[in-house]
Number of protein chains: 2
Amino acid sequence: MSSPSPKFELFTRFAEVGKALGNSHRLVILELLAQRERSVDDLASAARLSVANASQHLRLMRKVGLLVSRRNGAHILYRVNDPAVLDLVAALHRVGERNVAEVREIVGGYFRERDALEPVSRQELSRRMRDGLVTVLDVRPEDEFDAGHLPQAINAPLRELEKQLRDLPKDRDVVAYCRGPYCVFAFEAVALLRQHGFSARRLEDGFPEWKASGLPVD
Amino acid sequence: MSSPSPKFELFTRFAEVGKALGNSHRLVILELLAQRERSVDDLASAARLSVANASQHLRLMRKVGLLVSRRNGAHILYRVNDPAVLDLVAALHRVGERNVAEVREIVGGYFRERDALEPVSRQELSRRMRDGLVTVLDVRPEDEFDAGHLPQAINAPLRELEKQLRDLPKDRDVVAYCRGPYCVFAFEAVALLRQHGFSARRLEDGFPEWKASGLPVD
DNA sequence: AAACTATTCAACATAATTATTGAATGGCAT
DNA sequence: ATGCCATTCAATAATTATGTTGAATAGTTT
């Protein structure tokens, strides 16, 4: 344990990964990239960052192994390549959610009031989909839907959801999902659906978690 | 997503947890506290930090929910209270190990050369312990052993291992473990045991992982 | 080859983190 | 109460992170 031991150097590398997770903009980018591959300027506008700044964040995350990139024509596309990264982000969210007092307030004050009912678990939704008893609604933007979604899911981005309501069968429960457990789209969609008389709940988390757990995707 | 949305604030909290993981000294402290509860000055000397500095690191980790503390007489004792934190640290190590190129070099250059054989998995060790075919060696310091260890394990801190060698049966395999997958003690112990003619391997990870996976402890 | 475009780099100002020092707090024991 | 000890706080200096700007690069398209 004297001077920089090999073990301490390892821990220094691990700490670099931690540092890379230590910025909210980067966590937003990570969530976006958990949905699908995206180019730098695409990400920059989605995360409301300058291109140069987004590029720097991306470079850092690639350096510590959270992301990989490839060239496609004029664009450089980044993505999350390692399922272990999704585990890591999920674990981070879990600890954050459970333990940070202020987070509890935000979760309680904003999210819970829009979702009196408990969310649906992946297993439960999977079972009810087999029985054909449920309408599955993907409320993410169309591009993310196209890059992969739950089987039988209907894409209904929030802005267009109101128009699509008439096409949904009223006699079936609706389960809405989006990017992940803290994605506001699903909460808003459930609120809107209930206003219009639907029996609606949200999936406990989002598409990346569904896919990572080995359940089928289209 | 306009201005500080509730979701972005949540991500800011998550990022604070990430930041707390973004320092190698704090990761060392976390590993120590994954073994057992410890006081501030105890930790400070174990991690080779000043007391004031250790106190600051501990306060930060407590703030974001990685640690909790309680008073015991004149001392304040810190510990890891939430199993989700162990998951998080494990996920961090996994990503770091898999993806950071320099880590691979360190692992390859230092650890692997001391451990030609593959480590033993928890399941394998558990099975062989049931069959009574193996000597289990806990090479952590005595205080950590006393706070909890694998059933039937013999405590042999590295410094005393050489003296204890004569008491170990030579006809049985030895499996050594310590604090976690990157704890040097187990590597050193295996090297020493092999020098003395034992058939020795190390457990793939350490005591906290064993305990967290629900296996029995003494 | 030239013009174009997406991305990265470099330099900078600002802000945050880190470790140190020494002082302050607040239980505990005499 | 008084002194003692472990811990925390406050102030500081050095280091590192962040986001902007504008320029450089490198690959594509015309």
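Letters A, B, ... mirror the listed sequences (proteins, then strands); counts begin at 1. Predicted model only: the values in this text are computed from it and were never measured.
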Query raised in the report: Quick one: is B/Arg59 getting a side-chain N or O under 4.0 Å of the D/dT7 phosphate, OP1 or OP2?
Result: no
Report summary line: B/His75 NE2 to C/dC28 P, in whole Å, measures 11 Å
Report task. Could you tell me the separation between the CG atom of B/Leu43 and the C1' atom of D/dA6, rounded to a whole number of Å? Result -> 13 Å
Report task. Would you check if the side chain of A/Trp210 reaches a backbone N or O of A/Pro216 as a donor-acceptor pair within less than 3.5 Å? Result -> yes
Report task. Inspect the contact between A/Glu209 and A/Arg122 and indicate whether a charged nitrogen and a carboxylate oxygen are less than 4.0 angstrom apart. Result -> no
Query raised in the report: Under 6.0 Å between the ring centres of B/His149 and B/Tyr177?
Result: no
Requested in this report: List for me each residue that meets salt bridge (Lys or Arg N to Asp or Glu O under 4.0 Å) alongside B/Glu204, sequence neighbours excluded, and say none if there are none.
Outcome: none
**Report entry** Check ion pair A/Arg13-B/Glu97 (N to O, under 4.0 angstrom)
**Finding:** no
Query - Nearest heavy atoms of B/Ala176 and B/Val190, plus distance in Å - result: CB-CG2, 4.3 Å
**Report entry** Side-chain N or O of A/Tyr78 closer than 4.0 Å to phosphate OP1/OP2 of C/dA6
**Finding:** no
Requested in this report: For B/Leu77 and D/dT8, give me the distance from atom CG to atom P, rounded to whole Å.
Outcome: 11 Å
Query raised in the report: Please give, in whole Å, the distance from C/dT7 C1' to A/Met61 CE?
Result: 16 Å
**Report entry** Listed partners of B/Asp143 passing salt bridge (Lys or Arg N to Asp or Glu O under 4.0 Å), at least two apart
**Finding:** B/Arg36, B/Arg38
Query - Partners passing salt bridge (Lys or Arg N to Asp or Glu O under 4.0 Å) against B/Arg140 (at least two apart in sequence or in another chain) - result: B/Asp138
Query raised in the report: Taking only residues two or more places apart in sequence or in another chain, which ones pass ring-ring contact (aromatic ring centres under 6.0 Å, His included) with B/Phe207?
Result: none
**Report entry** Whole-Å distance separating the CZ atom of A/Arg70 from the P atom of C/dA6
**Finding:** 17 Å
Report summary line: Hits for ring-ring contact (aromatic ring centres under 6.0 Å, His included) against B/His57, two or more places apart or cross-chain, chain-then-number order -> none
Query - Close residues, residues 29-41 of chain A, relative to DNA chain C [heavy-atom separation under 4.0 Å] - result: A/Ser39, A/Val40, A/Asp41
Between protein and nucleotides 26-30 of chain D, what N or O pairs are separated by less than 3.5 Å?
none

Query raised in the report: CD1 of B/Ile76 versus C1' of D/dC5: gap in Å, rounded?
Result: 12 Å
Query raised in the report: Taking five pairs at each end, how big is the angle between the two axes of the helix from C/dA1-D/dT30 to C/dT30-D/dA1, to 10°?
Result: 30°
**Report entry** Those residues that, when tested against B/Asp87, pass salt bridge (Lys or Arg N to Asp or Glu O under 4.0 Å) (two or more places apart)
**Finding:** none
Query raised in the report: Under the salt bridge (charged side-chain N to carboxylate O under 4.0 Å, His left out) rule, what pairs show up with a residue in residues 150-160 of chain B, not counting sequence neighbours?
Result: none
**Report entry** All ring-ring contact (aromatic ring centres under 6.0 Å, His included) counterparts of B/His25, not counting sequence neighbours
**Finding:** A/Phe8
**Report entry** Per-nucleotide protein contact string for nucleotides 14-21 of chain C, where B marks a base within reach and S marks sugar-phosphate only (heavy atoms under 4.0 Å, - for neither)
**Finding:** ---SSBBB
